Protein chains: 2
Amino acid sequence: MRDLLYLKDDQIKDFIEQIFYAYRETYSDPKKILKKYSFGTAHHRAIHLIERHEGLTVSDLLSRLKITKQSLNRVLRDLIENKTILLKKGEIDSRQRQIYLNEKGKKLFEEIFLEQKKRIYNALKSSDSDSVLKFKNVLKKIINE
Amino acid sequence: MRDLLYLKDDQIKDFIEQIFYAYRETYSDPKKILKKYSFGTAHHRAIHLIERHEGLTVSDLLSRLKITKQSLNRVLRDLIENKTILLKKGEIDSRQRQIYLNEKGKKLFEEIFLEQKKRIYNALKSSDSDSVLKFKNVLKKIINE
DNA sequence: TGTTTTGGGTCAGTTATATTGACATATCTA
DNA sequence: TAGATATGTCAATATAACTGACCCAAAACA
């Protein structure tokens, strides 16, 4: 039998630790910017997902965030009030709401992303394309995508 | 100039999204177990780091968690009360406290880890060793390790 | 058509985890 | 011995989540 060193518990424990650091650092970077708008990381995650999946419905967003609708509603109310996002009635199913960034929201996203990008960009630029591809594939498997 | 496709913004945005999912899923898996002991993810992270770095000091743990000592203290109090961890006076510097899992804590860690391990194990076992190595290296670069 | 289900919104109360700021104590170091 | 450091603690507050109960409008179904 092969000695699957990379499946040893210590390696797995390291990954669990490092995934925590990676998430925390990646989402900490833009906190100062968010604070300028009185937003927190909850708003950030919503803005990010809305930018990546423009026109997604409230339930789409809920299932990506995996929080309750009461929790999400606080965030969406803030974002709507601030004119960062807008909700349109669903074209096919008018019970649904489709969520979009408006101009202000797009600018805010860019400002946040510019800051957040640095960390990932620096990691990728010092890696070869094969590493990046394999990083992506393992990451996908972790999230069962 | 090379066309660094893997440095394109969309790829970076995907990574930012996927790092969020990876963290959330990885740390969601053992929540039921934690609940049995009236612990949350804050306790989990502390337990994990203590297991990985046995005998670390309070300030070591603080700098890994990047929370305030007031926040950490609530968690440590709970864990001490529950007899999951113990604190010993530092051998060299007796102002310091070195943190250890006791027997109960080790069992709890194993129970948590067994659950949490599955996700990572499954991702790694369907990847080759080169992928795992490269995943690790990119992850390390993201956290500047 | 009438009934049920679904998508979304909201009120109210609570919990978990973090924060800021102030202060106390013991111990180390210059 | 004076100051710096490591840790602990009190109190108040912020952020982000939760549960549970209800509501309306629109879609789906029988």
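Letters A, B, ... mirror the listed sequences (proteins, then strands); counts begin at 1. Values below: all heavy atoms of this structure, side chains included; hydrogens, waters and symmetry mates excluded. What you see is a predicted model, and the numbers here were worked out from it, not measured in a lab.
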Give a yes/no answer on whether the side chain of A:Ser71 brings an N or O atom under 4.0 Å of OP1 or OP2 in D:dA16. no
In whole angstrom, give the distance that lies between atom CD of A:Gln96 and atom C1' of D:dC24. 16 Å
Any ion pair linking A:Lys13 and A:Asp9 (charged N to carboxylate O, less than 4.0 Å)? no
Check for a donor-acceptor pair, side chain of B:Tyr27 on one end and backbone N or O of B:Gln116 on the other, with a separation under 3.5 Å. no
Can you check the B:Lys35 NZ to D:dC18 P distance for me, whole Å? 10 Å
Give one of base, sugar-phosphate or nothing for B:Leu34, where a contact means two heavy atoms less than 4.0 Å apart. nothing
Salt bridge B:Asp14-A:Arg52, side-chain N to carboxylate O under 4.0 Å: yes
Are the charged groups of A:Lys8 and A:Asp10 less than 4.0 angstrom apart, N to O? no
For the pair made of CG in B:Leu72 and P in C:dT20, what is the distance, rounded to whole Å? 15 Å
Quick one: B:Leu62 CG to D:dT5 P, roughly how many Å, whole number? 16 Å
So what is the end-to-end bend of the helix from C:dT1-D:dA30 to C:dA30-D:dT1, with 5 pairs used at each end and the value given to 10 degrees? 30°
Between B:Glu81 (CD) and D:dT9 (C1'), how many Å, whole number? 15 Å
Determine: side-chain N/O of A:Arg45 to OP1/OP2 of D:dA17, distance under 4.0 Å, yes or no. yes
Examine the base of C:dG13 for any acceptor or donor lying under 3.5 Å from a partner atom in the side chain of A:Gln70, and report the outcome as yes or no. no
Do B:Gln18 and A:Lys136 have a side chain donor and acceptor closer than 3.5 Å? no
State which of D:dA16, C:dT17, D:dC18 makes the closest approach to the side chain of B:His43. C:dT17
Given that B:Asn73 and A:Gly40 both sit by DNA chain D, which one's nearest nucleotide is further toward the 5' end? B:Asn73
Quick test of your reading of the model: are B:Glu115 and B:Lys32 salt-bridged, counting only N-O distances below 4.0 Å? no
Rounded to whole Å, how long is the line connecting atom NZ of A:Lys88 with atom P of C:dG8? 16 Å
Taking only side-chain nitrogens and oxygens of A:Ser59, does any of them come within less than 4.0 Å of OP1 or OP2 of C:dG7? no
Mapping A:Asp60 and B:Lys66 onto DNA chain C by nearest heavy atom, which one lands closer to the 5' end? A:Asp60
Look at B:Thr68 and C:dA18 and indicate whether a side-chain polar atom (N or O) is within less than 4.0 Å of OP1 or OP2. no
Would you classify A:Leu65 as touching base, sugar-phosphate or nothing, given that sugar-phosphate means primed atoms plus P, OP1 and OP2, and contacts are heavy atoms under 4.0 Å? nothing
Does A:Phe135 have its ring centroid less than 6.0 Å away from the ring centroid of B:Phe15? yes
Just by distance, with hydrogens left out, do A:Asp60 and A:His53 show a side-chain donor and acceptor under 3.5 Å apart? no
Can you figure out which of C:dA18, D:dT7, C:dG8 approaches the side chain of B:Val58 most closely? D:dT7
Please work out whether the ring planes of B:Phe113 and B:Phe109 are parallel, tilted or perpendicular, with thresholds of 30° and 60°. parallel
Gap between atoms CD1 and P, on B:Ile67 and D:dG8 respectively (whole Å): 13 Å
For the pair made of CZ in B:Arg77 and C1' in C:dT17, what is the distance, rounded to whole Å? 14 Å
Using a 4.0 Å heavy-atom cut-off across all strands, classify A:His44 as base, sugar-phosphate, or nothing. nothing
Can you find a donor-acceptor pair, distance only, under 3.5 Å between A:Lys69 side chain and C:dG7 base? no
Without swapping roles, check the side chain of A:Lys83 against the backbone of A:Lys104 for a donor-acceptor pair under 3.5 Å. no
Extract from the structure each pairing of a protein N or O with an N or O of nucleotides 27-30 of chain C at less than 3.5 Å, listing the distance.
| unit_1 | atom_1 | unit_2 | atom_2 | d |
| --- | --- | --- | --- | --- |
| C:dT27 | OP1 | B:Lys89 | NZ | 3.2 |
| C:dT27 | O3' | B:Ser94 | OG | 3.1 |
| C:dT27 | O2 | B:Arg95 | NH1 | 3.3 |
| C:dC28 | OP1 | B:Ser94 | N | 3.1 |
| C:dC28 | OP1 | B:Ser94 | OG | 3.1 |
| C:dC28 | O4' | B:Arg95 | NE | 3.4 |

Short side-chain N/O contact from B:Arg74 to OP1 or OP2 of C:dA16, under 4.0 Å: no
Checking the side chain of B:Gln96 only, and the main-chain atoms of B:Val58 only, is there a donor and an acceptor separated by less than 3.5 Å? no
Of the nucleotides D:dT9, D:dC18, C:dA18, which has the atom closest to the B:Ala42 side chain? C:dA18
